[in-house]
Structure formats: C-alpha cells, structure tokens
Amino acid sequence: MASRRSLLSRPVDLLIVLVFSTFFFIAISIDLFQATSGENIVEEHSLGRVWPPEWVRKLFLQWCEEVDQLLKANPLWYRTLALFSPAVYAPFYVFAIYAFINQREWIKIPGLCWSWGILVTMVAVMTEQFVGEHATKNAALLCVGYVPYILFPLLFSLRLLISPNVFETSGHEKCS
C-alpha cells in the first residue's frame with residue numbers, strides 16, 4: 001500500500017481542491033441559472049426563483065450589467081454551453097475533489113478531458129467577449145473573471161502530465 005500524505009501537506013493539491021470546490025458552487029448556482037434562463041438574463045431575476053440564493057443572483061446581475069454583455073444577452077449557444085457546467089462539470093468536480101483528497105490516479109484522463117473541454121469553450125466565449133456582437137466594455141474586469149478558466153485548466157493539465165503518476169508514491173507502489 002502506498003503511503004498517503006495529508007492534503008494539508010500537499011499545498012498544490014489543496015489549492016486544486018479549493019478551486020474545484022469554487023467551480024462546483026459556480027456550476028450549480030450561476031451556470032445553472034444561466035442555462036435555465038432565457039435571452040436577456042436580467043429580466044429573469046424577478047421570476048421568484050429560490051436557487052441560486054438572492055445574494056448570488058444580485059452579484060451575478062450586477063456583473064452582467066457592468067461587465068459581461070454576452071452573459072446579459074445570454075444567446076441560445078451560450079446557454080447550451082452553460083448547461084455543460086451543472087450537467088457534466090459539476091459531477092466531475094465532485095470526483096476530482098475526492099480523487100485529490102484521496103490521491104487517486106484514475107483522475108488523470110478525466111482531468112485532462114475536463115481541462116481541454118473548458119479551454120475549447122473559453123476560445124469561443126472569449127472571442128465573442130472581445131470581438132463579437134456582445135463585446136465587453138470592460139475588458140480588464142472581464143479578464144479578472146474569466147482568466148482563471150484559462151489559467152487553471154492549463155496549470156491543472158501540467159500538474160497531471162508532469163510525471164507518469166499523478167501523486168507521489170513510495171518506491172514502485174501506486175495509489176489506486
């Protein structure tokens with residue numbers, strides 16, 4: 001049996017767990033709200049929804065008004081992409097959190113698939129954000145919100161690919 005190190009003694013893995021926990025909350029709140037709303041998402045705020053919580057909706061709508069014109073317009077293609085988050089990515093986040101807490105090697109291939117799926121999505125979204133019909137008026141703030149969805153998948157891929165085993169093991173033992 002391979003020796004397992006505490007998550008607290010693995011700061012990079014702890015950061016991964018924290019980021020995936022944040023992404024999970026966003027997937028089941030903001031992204032679910034976006035995916036199930038119609039065009040002009042600002043009007044959806046008054047429909048008496050109980051999820052996500054009102055404080056999340058208010059922050060989200062403020063973001064739409066001040067920064068994210070694409071999200072405010074919420075065209076069908078964007079709602080379709082947003083549906084992947086609660087339907088596909090949220091379950092992945094749960095498995096990834098478990099895998100990184102418990103040092104499970106099987107996370108490598110699903111993790112790479114997630115990384116590349118997010119990156120492909122971000123190419124389409126960022127292209128629209130900067131040169132499309134719904135281009136942002138606040139590129140700097142928009143980048144603050146979206147760059148983590150570019151940098152983290154790249155760094156996460158590097159973390160998965162840097163060695164044959166995702167997690168350190170003692171000797172020739174592997175974590176399963």
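None of the values given here were measured: they were computed from a predicted structure.
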Undergrad: So L161 and L112, do their side chains get closer than 4.5 Å, heavy atoms only?
TA: yes
Undergrad: Under the side chain to side chain contact (heavy atoms under 4.5 Å, CB included) rule, collect the residues that match up with E66, sequence neighbours excluded.
TA: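 If we apply the side chain to side chain contact (heavy atoms under 4.5 Å, CB included) test to E66, skipping adjacent residues, the hits are Q62.
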Undergrad: How close do Q34 and L71 get, counting heavy atoms only, and between which atoms?
TA: CD-CD1, 3.2 Å
Undergrad: For residues A99 and I107, report the shortest heavy-atom separation together with the two atoms involved.
TA: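 Nearest pair, atom of A99 first, then I107: CB-CB, 3.6 Å.
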Undergrad: Would L158 end up clustered with F167 when hydrophobic side chains under 4.5 Å apart are linked, directly or stepwise?
TA: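 No, no single cluster joins them.
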Undergrad: Measuring from atom CG of L61 to atom CD1 of I41, what distance do you get when rounded to the nearest 0.5 angstrom?
TA: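 CD1 of I41 is found 7.0 Å from CG of L61.
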Undergrad: Give the table of side-chain donor-acceptor pairs shorter than 3.5 Å for residues 140-157, with sequence neighbours excluded, one pair per line with atom names and distance.
TA:
{"unit_1": "Y146", "atom_1": "OH", "unit_2": "D68", "atom_2": "OD2", "d": "2.5"}
{"unit_1": "Y146", "atom_1": "OH", "unit_2": "Y78", "atom_2": "OH", "d": "3.0"}
{"unit_1": "Y146", "atom_1": "OH", "unit_2": "Q129", "atom_2": "NE2", "d": "3.4"}
{"unit_1": "S157", "atom_1": "OG", "unit_2": "S115", "atom_2": "OG", "d": "3.2"}
{"unit_1": "S157", "atom_1": "OG", "unit_2": "P153", "atom_2": "O", "d": "2.9"}

Undergrad: Report yes or no: does R104 contribute a side-chain atom to a donor-acceptor pair with the main-chain N or O of Y98 at less than 3.5 Å?
TA: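 It does not hold such a pair.
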Undergrad: Is it true that atom CH2 of W116 has more than 12 heavy atoms of other residues, nucleotides or ligands lying nearer than 6.0 Å?
TA: no
Undergrad: Quick one, W63 with I30, criterion side chain to side chain contact (heavy atoms under 4.5 Å, CB included). Give me CA distance, side-chain angles, the key distance, then yes/no.
TA: CA-CA 11 Å; W63 171 264; I30 302 286; over 6 Å; no
Undergrad: Kindly work out whether a path of hydrophobic side-chain contacts (I/L/V/M/F/W/Y, heavy atoms less than 4.5 Å apart) joins L14 to I162.
TA: no
Undergrad: Given side chains that start at C-beta, do those of C113 and P110 come closer than 4.5 Å, heavy atoms only?
TA: no
Undergrad: Verify the cluster assignment for I16 and L8: are they in a single hydrophobic cluster under the rule of side-chain heavy atoms below 4.5 Å apart?
TA: yes
Undergrad: Begin from the C-alpha positions of W77 and E128 and carry the test side chain to side chain contact (heavy atoms under 4.5 Å, CB included) through to its verdict.
TA: CA-CA 11 Å; W77 70 267; E128 177 68 30; 3.9 Å; yes
Undergrad: Is there a continuous path of hydrophobic side-chain contacts, each under 4.5 Å between heavy atoms, that joins V120 to L160?
TA: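 No.
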Undergrad: Would you name the heavy atoms of N138 and T136 that are closest together and state the gap between them?
TA: N-OG1, 3.0 Å
Undergrad: Keeping the roles fixed (side chain from R79, backbone from T36), state whether a donor-acceptor pair exists under 3.5 Å.
TA: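 A pair under 3.5 Å: no.
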Undergrad: If the test is side chain to side chain donor-acceptor pair (under 3.5 Å), which one of E39, E65, H134 qualifies with K72?
TA: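 Per the side chain to side chain donor-acceptor pair (under 3.5 Å) rule, the option paired with K72 is E65, out of E39, E65, H134.
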Undergrad: Test of understanding: with side chain to side chain donor-acceptor pair (under 3.5 Å), list the residues that count as partners of Q69, not counting sequence neighbours.
TA: none
Undergrad: When you check the gap from the basic side-chain N to the acidic O, do R5 and D13 get nearer than 4.0 Å?
TA: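 Judged by the 4.0 Å cut-off on N to carboxylate O distance, R5 and D13 do not form a salt bridge.
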Undergrad: Does the E105 side chain pair with the main chain of V166, one donor and one acceptor, at a distance under 3.5 Å?
TA: yes
Undergrad: Without placing hydrogens or testing angles, list every side-chain donor-acceptor pair under 3.5 Å for residues 81-95, not counting sequence neighbours.
TA:
{"unit_1": "S85", "atom_1": "OG", "unit_2": "D31", "atom_2": "OD2", "d": "2.6"}
{"unit_1": "Y93", "atom_1": "OH", "unit_2": "W114", "atom_2": "NE1", "d": "3.2"}

Undergrad: Tell me whether F33 is reachable from L76 by hopping between hydrophobic residues (I, L, V, M, F, W, Y) whose side-chain heavy atoms are closer than 4.5 Å.
TA: no
Undergrad: Got a sec, which residues hit side chain to side chain donor-acceptor pair (under 3.5 Å) with K108, two or more places apart in sequence or on another chain?
TA: none
Undergrad: Please confirm whether the backbone N or O of I101 pairs with a side-chain atom of R10, one donor and one acceptor, at under 3.5 Å?
TA: yes
Undergrad: For a quick test of your reading: what N or O donor-acceptor pairs under 3.5 Å do the side chains of residues 20-29 make, sequence neighbours left out?
TA:
{"unit_1": "S21", "atom_1": "OG", "unit_2": "V17", "atom_2": "O", "d": "2.8"}
{"unit_1": "T22", "atom_1": "OG1", "unit_2": "L18", "atom_2": "O", "d": "3.0"}
{"unit_1": "S29", "atom_1": "OG", "unit_2": "F25", "atom_2": "O", "d": "2.5"}

